[in-house]
Amino acid sequence: MKKEFIDLGKQPIANRFLNEDELENEFFYNLKMGLDEETLLVSQMETVEASDMFNENYVYHSSGTETMRNHFNSTAERLNLLFSPDRVLEIGSNDGVFIKHFNKDTTVAVEPCSNFAKITNEMGYQTYDEFWNYDTSDKILKEHGKQDLIYAANCMCHIHDIEQAFLSVENVLSDNGVFVFEDPSLMAAYLRNSYDQFYDEHVHLFTITALNNILKKTNLEICGVDQINHIHGGTNRVFVKLKNNKKVSKDENNINTVLADEELLDLNKMIAYEFWAENIQNSKMFLYDLLASLKKRDLKLVSYGATSKSTTIFNYCNIGTDIIDYIVDTTPAKQGKLSPGMHIPVVSYEEGWTEDVRGAFLGAWNYSDFITEKEKAFLGRGGFFITHVPEVDIVTKPTCIPCGANKEVEE
Ligand code: TMP
């Protein structure tokens, strides 16, 4: 049974930036998170239909920032070196930022957002414009055989029926193959109080403990975990193989260290989540009070990065245009639109990053080191950033949000 621990109120689709004429019919749902007492999986209590989130209008480009381009380059290089796979499958290939490092003749992709599936099909990678499920895996099995490397970044946590998603991987993974997936780390989110990792797309937020429990119902097992601090605010890269695969070794020490850390934090018990809920409620109060008091002093406040994460913050903390004038974002598809729920205008960096801006909420706090370094001139002329991670604070010099995970992977 799933037990609720936090209610983040009515929330819109986090990545659906709107035109004026779309405001009236905007969709909202109740964002509540709970802990499954059997598997210890943290998931939404009420979910949004996958096709309402992932369709031909999806705007998030995986290659949209230098950090992510570098990350996918180095990941592809590392996986090629480690496994030299003959056949590769990517689940959730977005705009092809990862898949482009692999041979077109031996690589296939699955991507339900047809605007992106079209891009990778045109690049020459056969892309199934479908959701990942058993039927899709069966089709790939029949048409291309078993796959040696299956990769999914920021995709598994989107899939409602997670057990079925793993069984579909099992169906098409070669005997000596490896499945590598990356998703936001619940432990990092907990340690940083980055509750904005909760939004419609993140149906689940994984601990390794929960993944272990779910995989017990399959013939798959975890064989290694990388904790990557600087990607998406703290990411776990999980390596999975078939239980009888003797070619790929299992790093028991590495897995046990992460499991022990999760246990030490009580992430396998409801008490940790009740404690987290209190921290979330306090963070909301502190952030609203800080922003409102800055606004009272007549300072021009904007937000930096129209992120999905900031949709959760603005809607939960009731932060609208009375506090934030607008959001600056480099993504053309978001510019000229209004933010989901609170309807804050999104403008280009060129238009909005003007000398009269005094404070900027770090909507893209996961790039804090990059942004605060890039904006040294803004900080130098008395500008400041406001962050809620790991606690509500004002940032006046270049900074990096402190590490929540205990081991950083060099990239
Ligand atoms: P992400 O956190 O999901 O990767 O989204 C980051 C968003 O922030 C994306 O819309 C691009 C935007 N952004 C900027 O506008 N300026 C920047 O300097 C960075 C790093 C991101």
Side-chain angles (χ1 to χ4, degrees), residues 12-18 53-54 57-73 75 92 94-95 97-98 113 115-116 153-155 157-158 182-185 188-189 192 194-202 205 228-235 302-314 324-340 344-354 357 360-379 383 385-389 395 398-401 404 411:
I13 304 279
N15 236 329
R16 186 174 298 158
F17 291 82
L18 307 145
M53 299 183 279
F54 307 110
N57 298 318
Y58 195 63
V59 289
Y60 181 77
H61 279 250
S62 296
S63 64
T65 58
E66 193 186 330
T67 308
M68 293 313 294
R69 287 193 295 278
N70 291 343
H71 171 68
F72 288 116
N73 286 348
T75 302
N94 197 271
D95 60 5
V97 64
F98 173 82
C113 303
N115 50 338
F116 287 118
N154 304 301
C155 180
C157 74
H158 295 172
E182 297 180 13
D183 284 294
S185 153
R192 296 167 172 181
S194 51
Y195 65 91
D196 47 349
Q197 293 285 14
F198 297 134
Y199 58 90
D200 55 336
E201 292 179 20
H202 292 174
L205 219 55
I228 312 172
N229 177 44
H230 66 285
I231 294 300
H232 283 314
T235 284
V302 304
S303 187
Y304 203 107
T307 57
S308 306
K309 291 191 279 300
S310 60
T311 295
T312 295
I313 300 294
F314 292 152
I324 300 282
D325 286 23
Y326 50 79
I327 306 171
V328 288
D329 195 285
T330 50
T331 315
K334 297 180 186 175
Q335 294 161 1
K337 300 209 170 173
L338 299 165
S339 75
I344 305 172
V346 182
V347 303
S348 70
Y349 186 79
E350 292 71 27
E351 187 186 340
W353 199 241
T354 47
V357 173
F361 175 68
L362 262 179
W365 60 266
N366 44 313
Y367 299 99
S368 64
D369 48 350
F370 175 79
I371 293 172
T372 54
E373 187 61 34
K374 184 169 77 165
E375 303 304 349
K376 273 205 285 217
F378 164 70
L379 295 170
F385 289 101
I386 302 118
T387 186
H388 65 292
V389 179
V395 174
T399 190
C400 177
I401 299 298
E411 291 199 300

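These values consider heavy atoms only, across backbone and side chains, with no hydrogens, waters or symmetry-generated copies. Predicted model only: the values in this text are computed from it and were never measured. Just follow the structure's listing: the first ligand is 1, and inside any ligand the first atom is 1.
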Report the nearest protein non-hydrogen atom to atom 18 (O) of ligand 1: residue, atom name, distance rounded to 0.1 Å. Lys374 NZ, 2.9 Å
Name the option, out of Ile231, Asn366, Val59, Ile327, that contains the heavy atom nearest to atom 2 (O) of ligand 1. Asn366
Could you list the atoms of ligand 1 found under 4.0 angstrom from a heavy atom of Phe370? 18 (O), 20 (C)
Is the closest N or O pair between Asp329 and ligand 1 shorter than 3.5 Å? yes
For ligand 1, which part of Thr330 has a heavy atom less than 4.0 Å away: the side chain, the backbone, both, or neither? both
Qualifying residue, where the test is side chain to side chain contact (heavy atoms under 4.5 Å, CB included) with Trp365 and the options are Thr387, Ile386, Ile371, Val395: Thr387
Lys334 side chain near Asn15 side chain, heavy-atom distance below 4.5 Å: yes
Heteroatom proximity flag, Thr65 to ligand 1, N/O under 3.5 Å: no
Please tell me whether Phe385 and Phe378 form a close aromatic pair, meaning their ring centres lie under 6.0 Å apart. yes
Under 4.0 Å from any heavy atom of Lys309, which atoms of ligand 1 are there? 2 (O)
Say whether Tyr304 and ligand 1 are in contact under the criterion: heavy-atom distance to a ligand atom below 4.0 Å. yes
Lys374 to Tyr349 six-membered ring, cation-pi geometry met (6.0 Å, 45°): yes
Between ligand 1 and Met68, can you find any atom pair, the residue atom being a heavy atom, that is separated by under 4.0 Å? no
Is the closest heavy atom of Glu66 to ligand 1 under 4.0 Å? no
Do Glu182 and His232 get their side chains close enough for a donor-acceptor pair, meaning under 3.5 Å? no
Mind running side chain to side chain donor-acceptor pair (under 3.5 Å) on Thr65 and Tyr367 for me, showing each step along the way? CA-CA 9 Å; Thr65 58; Tyr367 299 99; 3.1 Å; yes
Per atom 3 (O) of ligand 1, closest listed option by heavy atom (Trp353, Tyr60, Tyr349): Tyr60
Please write down residue, atom name and distance for the protein heavy atom closest to atom 20 (C) of ligand 1. Tyr367 CG, 3.5 Å
Only heavy atoms of Thr331, strictly under 4.0 Å: list the atoms of ligand 1 that pass. 9 (C), 10 (O), 11 (C)
The option among Val328, Val346, Thr307 carrying the non-hydrogen atom nearest to atom 7 (C) of ligand 1 is Thr307
Give me the ring orientation class for His158 and Phe54: parallel if the planes are under 30° apart, tilted from 30 to 60°, perpendicular past 60°. parallel
When the ring planes of Tyr58 and Tyr60 are compared, do they come out parallel, tilted or perpendicular, using 30° and 60° as the limits? perpendicular
Can Glu351 and Tyr326 be counted as having a side-chain donor-acceptor contact under 3.5 angstrom? no
